[in-house]
Amino acid sequence: MTTVHSVVDSPIGPLTLVGETASGHVRLTAVWMASPRHDHAEGLGVRDGAVLAGAARQLDEYFAGERTVFDLDLDPVGTDFEKKVWMLLRDIPYGQTRSYGELAADLGDPRLSRAVGTANGRNPLSIVVPCHRVIGADGSLTGYAGGLERKRFLLSLERDGAPAADWLF
């Protein structure tokens, strides 16, 4: 296997796409948002936009309002619990939200809402695995690894087909 990455532009800033390739097949392992504290592309192996072009195209379609579901082979690294949470995130329909408590109840134990929040925050496949669709029990926007401004932008894009008016990125 070979690790490849690509940095693509988006309305919420540069996104670093990371994948593993084997026998001409790519599995997406991460989509990271730009962060002033981290250079995600450092140490990621070969920079190859051609290998990750399909993922980049689907993200472009998402931001253009033309795609509501991603069709990518995903291979995120995480614990079994985190992967269960990330699978639940993929079940949240475009333009809808769920609370941490609702996801915990879906896992069979409403007391797991904090653990769900922790797993949500560790999601390596932002946007594609829509952790931005998880909100507080009272409907408030709660923590988001990409920042609340980006979360507001993504939710507004999905709800209205346009970003929030106060987006200043």
Side-chain angles (χ1 to χ4, degrees), residues 1 3-8 10 12-22 25-35 37-38 40-41 44-45 51-52 54-63 67-137 139-159:
M1 279 197 159
T3 301
V4 296
H5 76 281
S6 178
V7 178
V8 298
S10 84
I12 58 172
L15 299 174
T16 301
L17 312 181
V18 183
E20 295 289 336
T21 64
H25 181 75
V26 65
R27 300 177 105 183
L28 192 64
T29 58
V31 176
W32 291 317
M33 296 176 193
S35 166
R37 295 181 300 174
H38 304 290
H40 292 298
L44 289 179
V51 171
L52 295 165
R57 178 183 44 77
Q58 288 192 33
L59 282 161
D60 284 344
E61 292 167 354
Y62 168 81
F63 285 114
R67 175 173 291 277
T68 60
V69 176
F70 291 93
D71 182 22
L72 299 166
D73 192 1
L74 307 178
D75 192 20
V77 175
T79 66
D80 288 343
F81 179 78
E82 288 169 340
K83 289 179 181 181
K84 285 179 187 177
V85 171
W86 301 336
M87 287 300 296
L88 285 176
L89 297 176
R90 293 184 71 191
D91 291 338
I92 304 172
Y94 181 90
Q96 295 184 26
T97 58
R98 298 287 183 275
S99 72
Y100 298 99
E102 289 172 318
L103 293 174
D106 288 346
L107 289 170
D109 188 347
R111 297 171 296 171
L112 293 175
S113 60
R114 284 184 187 253
V116 165
T118 299
N120 194 52
R122 292 184 179 155
N123 171 24
L125 289 159
S126 60
I127 304 167
V128 174
V129 175
C131 51
H132 61 276
R133 295 179 188 156
V134 183
I135 59 173
S140 64
L141 297 187
T142 56
Y144 184 62
L148 290 181
E149 296 84 13
R150 286 185 175 118
K151 184 172 189 163
R152 186 176 300 111
F153 176 95
L154 295 168
L155 292 173
S156 180
L157 174 70
E158 292 184 10
R159 183 186 63 243

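Here, residue 1 is the first one in the sequence, and each next residue gets the next number.
Qualifying side-chain hydrogen bond (donor to acceptor under 3.5 Å, both in side chains) partners for Arg122, counting only residues two or more places apart in sequence or in other chains: Glu82.
The aromatic rings of Tyr62 and Tyr94 sit perpendicular to each other, their planes meeting at more than 60°, with 30° as the lower class boundary.
For the pair Thr16 (side chain) and Val7 (backbone), a donor-acceptor distance under 3.5 Å is absent. Between the side chain of Asn123 and the backbone N or O of Val129, at least one donor-acceptor pair lies under 3.5 Å. The main-chain N or O of Val18 is found under 3.5 Å from a side-chain atom of Thr29 such that the two form a donor-acceptor pair. Looking only at distances, no side-chain donor or acceptor of Lys151 sits under 3.5 Å from a matching main-chain atom of Cys131. For the pair Arg98 (side chain) and Leu103 (backbone), a donor-acceptor distance under 3.5 Å is absent. Remark: the backbone N or O of Asp75 is not paired with any side-chain donor or acceptor of Arg27 at under 3.5 angstrom.
The distance from the CH2 atom of Trp86 to the CG atom of Leu125 is 7.5 Å, given to the nearest 0.5 Å. To the nearest 0.5 Å, atom CG of residue Leu72 and atom CZ of residue Arg57 are 8.5 Å apart. Interatomic distance, CG of Leu74 versus NZ of Lys83, reported as 11.5 Å (0.5 Å rounding). Distance check, rounded to the nearest 0.5 Å: CG of Asp73 to NE2 of His25 gives 3.5 Å. For the atom pair CD of Glu20 and OG1 of Thr3, the computed distance is 3.5 Å after rounding to the nearest 0.5 Å. In this structure, Asp71 CG and Glu61 CD are separated by 10.5 Å, a value rounded to the nearest 0.5 Å.
When all heavy atoms of Gly139 and Ile135 are compared, the closest pair comes out as CA-CD1, 3.8 Å. The nearest pair of heavy atoms linking Ala56 to Leu17 is N-CD1, 3.8 Å. Between Met33 and Leu15, the shortest heavy-atom distance links the atoms CG-CD2, 3.8 Å. Considering all non-hydrogen atoms of both residues, Leu154 and Tyr144 come closest at CD1-OH, 3.5 Å. Closest heavy-atom contact between Phe81 and Ala115: CE2-O, 3.5 Å. Residues Gly13 and Ser10 come closest through the heavy atom pair O-OG, 2.5 Å.
Here the side chains of Leu59 and Val128 are in contact, with some heavy-atom distance below 4.5 Å. Residues Leu155 and His132 form a side-chain contact, since some pair of their non-hydrogen atoms from C-beta on lies under 4.5 Å apart. Using a 4.5 Å heavy-atom threshold, the side chains of Thr142 and Tyr100 count as touching.
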Practice prompt. Carefully, step by step, assess Leu88 and Val116 under the rule side-chain contact (heavy atoms from CB on, under 4.5 Å).
Written response: CA-CA 10 Å; Leu88 285 176; Val116 165; over 6 Å; no
